[in-house]
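All heavy atoms count here, side chains included; hydrogens, waters and symmetry mates do not. The first residue of the sequence shown is numbered 1, and numbering continues consecutively from there.
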Amino acid sequence: RGGTALREAQRLRHQVFCRERGILPGQGDNGVESDEFDRASHHVVLRQRRGGDVVGTARLVIGYWHQGRPEGFPMLHYCGPETLRGLPMGTTAEISRFALSKARRQQGEAADRLLRYGLMRGILRASLDLGLTHWCALMEASLLRLLRGAGVEFAPLGPAVEAHGIRLPSAAAIPGVLESGASRCPDLYRFVAERRAA
């Protein structure tokens, strides 16, 4: 949740969301992008094998119930709480701040796809470690298509919203993702879903 890895994730987020895309303000001149959800999140970083540079990051934001309403998810800034009705709050996390290094993305479509799959593998591993059963997210159509091709199927929760671009509120049951991926894309599934050795 904290320490050096979080700071590295926040620096990459600043590079992607503040400098390259200009959709988030960043935190002054310190070169990081952070918000109030970081402290309640589990952060995933994807490192380059040679050199260890962080080339991708995402976070799992853990929500909660408050007075019968879901709270603590960034997507609730853009969607009403009814969007998340039916999801088990105790075991659901929102995937957000999904960011990839521009230098790595520019190496071509295959490299970009591999980075996204690598980051999803990290998200899946962290989710299984945390005992999560569901994901929710605001996702671009291009990412939804890419994940669908890997057997990672997100279902829409409602109409598209404007959230720094058009995004679709979506959710996925993690056991269903594992089952679908194993049958539809077994080779890719082994890459995405392979667990760490005990």
Side-chain angles (χ1 to χ4, degrees), residues 1 6 9 13 16-17 21 23-25 33-44 56-100 116-117 119-185 189 192-193 195:
R1 290 183 184 222
L6 173 57
R13 284 162 38 182
V16 173
F17 297 124
R21 301 177 66 181
I23 60 175
L24 293 173
E33 189 282 313
S34 65
D35 66 13
E36 70 272 22
F37 298 104
D38 276 343
R39 281 192 275 173
S41 301
H42 294 265
H43 300 267
V44 176
T57 186
R59 67 183 180 187
L60 291 162
V61 186
I62 310 299
Y64 56 92
W65 285 106
H66 178 68
Q67 297 180 349
R69 294 163 61 93
E71 297 283 354
F73 289 122
M75 65 191 293
L76 291 172
H77 284 311
Y78 308 97
C79 308
E82 67 281 356
T83 304
L84 300 176
R85 187 177 293 122
L87 292 176
M89 287 297 103
T91 56
T92 296
E94 179 180 345
I95 300 171
S96 74
R97 293 302 198 264
F98 196 104
L100 298 169
R116 291 175 190 272
Y117 290 153
L119 199 47
M120 277 306 300
R121 177 167 63 175
I123 290 168
L124 177 59
R125 287 177 171 178
S127 300
L128 295 174
D129 289 344
L130 291 166
L132 299 177
T133 61
H134 290 74
W135 293 317
C136 60
L138 288 177
M139 290 196 162
E140 295 175 317
S142 59
L143 180 56
L144 284 170
R145 285 193 300 270
L146 178 75
L147 295 176
R148 192 176 300 122
V152 180
E153 194 79 41
F154 277 78
L157 294 174
V161 297
E162 168 57 42
H164 307 296
I166 301 300
R167 303 281 192 276
L168 191 66
S170 307
I174 296 171
V177 166
L178 294 172
E179 184 178 343
S180 173
S183 62
R184 289 174 52 190
C185 307
Y189 166 82
V192 173
R195 294 300 310 277

CZ-CZ distance between Arg69 and Arg85, expressed to the nearest 0.5 angstrom: 10.0 Å

Glu82, CD atom: more than 12 neighbouring heavy atoms under 6.0 Å: yes

Electrostatic pair Arg116:Glu140 at N-O distance under 4.0 angstrom: no

Separation of Leu76 CG from Leu84 CG (nearest 0.5 Å): 5.0 Å

Spacing of Trp135 atom CH2 and Ser170 atom OG [to the nearest 0.5 Å]: 13.0 Å

Non-hydrogen atoms of Leu87 and Cys136 that approach each other most closely: CD1-CB, 4.1 Å

Polar side-chain atom of Arg97 near backbone of Arg59 as donor-acceptor pair, under 3.5 Å: no

Whether Ser180 side chain and Val177 backbone form a donor-acceptor pair below 3.5 Å: no

Closest non-hydrogen atom pair between Pro159 and Leu168, with its separation: C-CD1, 4.1 Å

Full working for side chain to side chain contact (heavy atoms under 4.5 Å, CB included) between Leu124 and Leu178: CA-CA 9 Å; Leu124 177 59; Leu178 294 172; 3.8 Å; yes

Gap between atom CZ of Arg13 and atom CG of Asp35 - 0.5 Å precision: 6.0 Å

Heavy-atom closest contact (Leu132 atom, Ala93 atom, distance): CD1-CB, 3.6 Å

Spacing of Leu130 atom CG and Thr91 atom OG1 [to the nearest 0.5 Å]: 11.0 Å

Ring geometry between Tyr78 and His164 (parallel below 30°, tilted from 30 to 60°, perpendicular above 60°): perpendicular

Rounded distance (nearest 0.5 Å) linking atom CG of Leu6 with atom NE2 of His42: 12.0 Å

Heavy-atom closest pair, residues Leu119 and Ala58: CD1-N, 4.1 Å

For the student: nearest non-hydrogen atoms of Ala160 and Pro169, plus distance: CA-CD, 4.2 Å

Heavy-atom closest pair, residues Leu147 and Phe154: CD1-CE1, 4.0 Å

For Ile95, the option from Val61, Ile123, Leu138, Leu143 that meets side chain to side chain contact (heavy atoms under 4.5 Å, CB included): Ile123

Side-chain donor or acceptor of Glu94 paired with backbone N/O of Met75 under 3.5 Å: yes

